[in-house]
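What follows is one structure encoded as structure tokens, with my remarks underneath.
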Amino acid sequence: MRVAEVIINRPAKKMNSPFSYAVPPHLGEIAPGTRVAVPLGRTKEEGILIGYRDLAEAPTYEIKPIQAVLDKDPWFTSEMLSTAKKLSKYYLCALSEALSLFTIDKKQLKSYERPKEQWLVVQPWFQPEHIPMKRKRQRELGFYLQELGTASVHSLQKDGFTLPVIKQVMTYEGIIVEERYTQTKTKFNACVVKELPLTEEQQQCYEPIKRAVTTCTADTFLLHGVTGSGKTQIYMKAASECLANDRIAIVLVPEIMLTNQIVTRFVEAFGDEVVVFHSKLTISERYNNWERLRRKDSHIIIGARSAIFAPTDDIGLIIVDEEHDTSYKQEDMIRYHARKVAKWRSEANHCPLILGSATPSIESYYLAMQGIYRLLELKHRIFHQPLPKVQIIDMKEEMMYGNYSVFSGAMSHLIRQTLGNKEQMIILLNRRGYSTFVMCRECGEPIKCPHCDVAMVYHQSGEALRCHYCEYHEPVPRVCPHCGSQKIKFFGSGTQKVEEELQRNFPKARIARLDQDVTTKKGQGEQILADFGAGQYDILLGTQMVAKGHDFKGVTAVGVLTADSVLNIPLYSASERTFDLLTQVAGRAGRSNGKGQVVIQTYNPLHYAIIKSKAHDYIGFYKEEIQAREMLGYPPLGAMIHFRIQHKDKAKAMAIAEKIVNALEVFLVPGELDIMGPYEEGIKKVRDLYRVAIMVRGNDLKSIKDFIYNSWIFTQEGLHIDVDPV
DNA sequence: TCTACCATGGAT
DNA sequence: TCCATGGTAGAA
């Protein structure tokens with residue numbers, strides 16, 4: 001007996017294997033990849049038909065029939081199905097979760113139909129002269145229609161006819177109303193892009209990419225180019241080549257929210273050939289975009305992380321811009337890395353993948369050094385502007401000279417100088433809120449969140465202490481909840497406090513602050529950036545979002561208040577992230593006139609991540625970093641899996657973790673595959689759940705992953721598995 | 001995930 | 001004895 005294998009569309013790991021259903025004859029042949037409605041228990045559920053199977057003998061359970069077909073054409077191509085399976089096994093998540101990444105509507109059991117609209121078709125016997133003179137607009141529409149022969153209701157409304165008038169004309173003799181699929185095709189002027197000249201260096205990088213696009217080769221290129229070297233130009237050339245071959249190009253950008261340079265340039269150059277995916281799109285806009293890609297009305301999709309799951313086959317090119325950016329790794333739910341998925345999809349679609357960055361991820365650069373990726377380098381800035389001058393300030397020294405303020409002498413001087421020259425400055429501080437923690441002077445106890453193991457942060461707005469890990473907030477206590485003393489003091493400086501201090505020291509400066517507290521109100525972040533770009537502010541103060549890809553012409557100076565905030569995070573990639581952040585933010589200075597100045601304050605002035613970023617020396621940094629990782633077996637010279645067990649009972653969490661370690665111990669080969677833990681995490685408790693962790697590190701984790709995928713560990717409650725944590 | 005089922009246990 | 005709660009196996 002032939003049965004259909006259906007994955008129930010529920011994010012439950014326990015339902016990871018497909019369920020068998022019969023296909024009733026009246027539904028005909030259902031292609032794999034189609035969404036179907038099936039009975040499950042006593043409810044009706046949505047599922048994805050992933051294939052067929054022959055049952056040798058009658059099963060012990062009842063085979064129920066599929067109730068309905070939800071997609072006219074299968075939503076999932078076979079490539080999407082196989083990529084989802086790969087993702088599920090690699091990242092140890094449920095197949096249904098992996099599949100749902102490719103869908104755009106989380107509402108279930110909704111069938112999707114291609115958008116249709118009504119068209120009025122004029123028949124030979126239509127006589128507008130019979131329409132009474134009194135009905136002026138209808139008569140005009142009649143003659144207008146006769147001229148056109150056929151027109152859609154939508155287009156007539158655009159031409160100034162109201163809906164009642166059109167409705168009335170539709171009833172007249174000689175007018176036939178037809179339903180047609182919406183056609184939104186607009187002509188694209190390819191010349192715009194073709195005329196974009198490339199420098200010789202760019203041309204050299206572009207040649208092999210072009211060859212790979214035309215020959216449909218799944219090569220991966222690492223395009224390493226300093227900021228301002230014209231990577232976008234190469235992306236656009238490659239995309240236009242892909243478009244000329246009538247295949248789809250996917251362009252991934254880090255965070256689309258903040259007015260993204262690349263998006264604007266693509267839209268300007270390619271017009272309606274570009275479809276922009278971002279989280280603010282409505283469901284119908286998403287469907288419409290997808291439909292455009294499927295009909296090849298548009299060939300380029302540009303968007304953040306999730307755009308890699310564009311439901312399309314025939315991908316001809318994938319570009320990951322700023323490939324080192326950490327926003328490509330999803331940190332909640334399914335913790336996939338978009339760069340990894342891009343690689344899989346490029347292989348399955350036989351198309352090249354371009355990874356572009358000024359500071360490539362250590363992993364990508366390593367693979368390029370191994371000859372697995374092809375390294376392409378842009379060493380010169382297009383207009384040959386010099387890179388900014390970077391000064392490193394040792395804050396320990398500042399303190400020795402009695403300066404306890406957040407601004408070193410050099411920093412104050414740079415601010416004063418920039419303001420004096422009527423130029424703009426960006427100041428980076430990786431801490432939001434007012435103060436970093438609140439502590440009692442008597443007993444030395446910091447005030448902690450009652451639900452999480454973290455110090456609460458004072459936020460001026462609302463005069464409240466907030467926890468950055470949960471929604472908990474409370475007013476600042478008058479007396480210490482621990483010892484009753486009144487000596488409560490604020491320590492450390494967040495963006496809010498620094499803003500205040502800046503304003504006090506430089507009363508005339510116009511200061512804009514950009515951090516999560518400001519961005520939560522939608523559109524406000526973009527507005528601040530736009531205003532700053534328009535010169536309405538002198539200083540832009542903010543968390544790392546000020547460091548990313550904006551091109552402000554008036555900015556000549558950049559200040560980093562604490563380079564250590566990222567460096568001190570206990571992660572193997574802390575140095576890499578520090579180097580990236582410093583290099584990125586320094587790159588904001590002097591983009592147009594070339595006299596950029598940067599001041600970096602730090603307590604670790606001798607750390608190589610800081611020294612190498614001062615010298616704009618990526619390769620030097622890479623060499624030191626790869627050595628450090630080689631010694632410790634960190635990625636890319638080994639892979640890691642992070643297990644987090646959460647439980648409201650600390651002992652239970654520990655017990656579960658120990659059970660997991662015991663089960664995995666058979667794979668332990670010291671030096672080859674190591675298991676660390678179970679240990680309490682740095683932050684012991686979040687939202688009243690205790691956190692215990694296990695870390696597995698090894699040169700090859702495939703077999704241990706396969707084991708976990710098929711064992712009880714996979715469905716263990718309260719366990720979160722993070723493959724390739726960053 | 002959702003649901004039905006069973007076990008436990010406190011209140012009546 | 002009743003019902004409420006909690007934990008858990010199974011769904012085709």
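Letters go in sequence order (proteins before strands), and every chain restarts at 1.
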- First and last nucleotide of DNA chain C touching chain A, 5' to 3', heavy-atom cut-off 4.0 Å? C:dA9 to C:dA12
Got a list of protein N/O to nucleotides 1-6 of chain B N/O distances below 3.5 Å?
none

- Query: Any side-chain donor paired with an acceptor under 3.5 Å for A:S327 and A:R305?
  - Reply: no
- Message: Using a 4.0 Å heavy-atom cut-off, does A:Y21 contact any base of the nucleic acid, only the sugar-phosphate backbone, or nothing at all?
- Response: sugar-phosphate
- Message: Salt bridge check, A:K448 against A:D453: does any charged N sit closer than 4.0 Å to a carboxylate O?
- Response: yes
- Test A:E79 against A:S82 for side-chain hydrogen bond (donor to acceptor under 3.5 Å, both in side chains), laying out the working first. CA-CA 5 Å; A:E79 182 264 322; A:S82 62; 5.7 Å; no
- Query: Are A:Y634 and A:S573 linked by a side-chain donor-acceptor pair shorter than 3.5 Å?
  - Reply: no
- Partner of A:S361 by side chain to side chain donor-acceptor pair (under 3.5 Å), out of A:H337, A:E322, A:R339, A:H324: A:R339
- Query: How is A:P39 classified with respect to the nucleic acid when contacts are heavy atoms under 4.0 Å: base, sugar-phosphate, or nothing?
  - Reply: sugar-phosphate
- Task: Answer yes if the ring centres of A:W344 and A:Y90 are under 6.0 angstrom apart, and no otherwise.
- Result: yes
- Query: Within a strict 4.5 Å, meaning less than it, do heavy atoms of the A:L40 and A:M15 side chains meet?
  - Reply: yes
- Task: Not counting sequence neighbours, list each pair that qualifies as a side chain to side chain donor-acceptor pair (under 3.5 Å) and has a residue in residues 648-662 of chain A.
- Result: none
